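Notes for the one structure printed next.
The analysis underlying the following values was restricted to heavy atoms, covering all of them including side chains, and did not include hydrogens, waters or symmetry mates. Note that the coordinates shown come from a computational prediction; the quantities given were computed from them, not determined experimentally.
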Amino acid sequence: MMTSARYWTLLALAVAIKADLPVNPNVRCWCASYPNITFCSWTEPLHSQPLRYIASYSERRQPSISKPCHLTPPAASSSLSSSSSKRLWHCHLPNLKLLTDYIINVTTLSSTESSSSYLSSFMLEDIVKPDPPVDVKVSSFHARNMLLEWSAPPTWTHLNMVPLKYQITYKWDHKGQNKSVSLGPLESTSVELKSLSPGREYVFQVCAMDLLGLGQWSLWSSPLTVTLPTNKMP
């Protein structure tokens, strides 16, 4: 029969071993420019011991042929978390093929060399997600109408071969209630908005998606706030 002292000793050892094992990262992959700009990212656990990562990817039909995923450590990343206690890692998967099932493998190594691995599979077509449109602006006013314009995300590098479609939304306050209108999908990068109310403040945003509907809509663009003039402008 196990003595009480031995039980607590084994329990403490088990807790110590478990505490030393690094937590598997929650990896998210997306393709910001179809078909060849793909990134994966994950956040290092809060208050964790110093960790190292090894990231690789392979085709599911050829798992033995793996390639390194080029890591961008948090200090060099342009998309750091707003919290100093969080560290956001990125890795770049270049030149992926269409209609191919891939496996991403991220191995976490602790300072004591204990490790854990994260495995996930994806197809490029399923993770297409453009960056948000840019340069959203109002170029002209006429009575109760305005022309809203925007540009495709500069990271979408093959716009001629792989066009985007867009959706816009605009919001306003009416007697303390939030109102909104959504339009799209649109293939152009401008739209005339009609029957707006002079003197009212509107907030406009635009998002983008692959024209054929592959993957996901982008995040919304930065909001543009415009107050429609009360007088007509030429």
Contact between [X] and [Y] at the side-chain level, heavy atoms closer than 4.5 Å - yes or no?
X	Y	answer
Pro154	Val134	yes
Val138	Leu147	no
Gln167	Ser182	yes
Cys91	Trp42	yes
Val203	Trp172	no

Other hydrophobic cluster members with [X], side-chain heavy atoms of Ile/Leu/Val/Met/Phe/Trp/Tyr under 4.5 Å, chained?
X	value
Leu119	Ile103
Leu211	none
Trp217	Met209

Run through Leu193, Val206, Val226 and flag the one making a side chain to side chain contact (heavy atoms under 4.5 Å, CB included) with Tyr170.
Leu193
Mind checking the [atom1]-[atom2] spacing from [X] to [Y]? Nearest 0.5 Å is all I need.
X	Y	atom1	atom2	answer
Ile104	Arg28	CD1	CZ	13.5 Å
Tyr53	Leu71	OH	CG	10.0 Å
Thr189	Ile168	OG1	CD1	12.0 Å

Candidate pair Val136 and Leu148, rule side-chain contact (heavy atoms from CB on, under 4.5 Å), full reasoning:
CA-CA 7 Å; Val136 181; Leu148 184 70; 3.9 Å; yes
Shortest non-hydrogen pair, Ser218 vs Pro130, comes out as CB-O, 2.9 Å
Indicate the ring-plane relationship of Trp30 and His90, choosing parallel, tilted or perpendicular according to the 30° and 60° boundaries.
perpendicular
Is the number of heavy atoms from other residues, nucleotides or ligands under 6.0 Å of [X] [atom1] greater than 12?
X	atom1	value
Glu187	CD	no
Lys171	NZ	no
Glu192	CD	yes

Pairs meeting criterion side-chain hydrogen bond (donor to acceptor under 3.5 Å, both in side chains) with involvement of residues 120-139, two or more places apart
Arg60-Ser121, Asp131-Thr155, Ser139-Glu149
Show every side-chain hydrogen bond (donor to acceptor under 3.5 Å, both in side chains) that has at least one partner inside residues 200-210, sequence neighbours left out.
His174-Arg200, Ser197-Arg200
Got a sec, which residues hit ring-ring contact (aromatic ring centres under 6.0 Å, His included) with His92, two or more places apart in sequence or on another chain?
Phe39
How about Phe204 and Trp150: are their ring centres within less than 6.0 Å of each other?
no
Are Val27 and Leu96 linked, directly or through other ILVMFWY residues, by side chains that come within less than 4.5 angstrom of each other?
yes
Would the SG atoms of Cys69 and Cys40 measure under 2.5 Å apart?
no
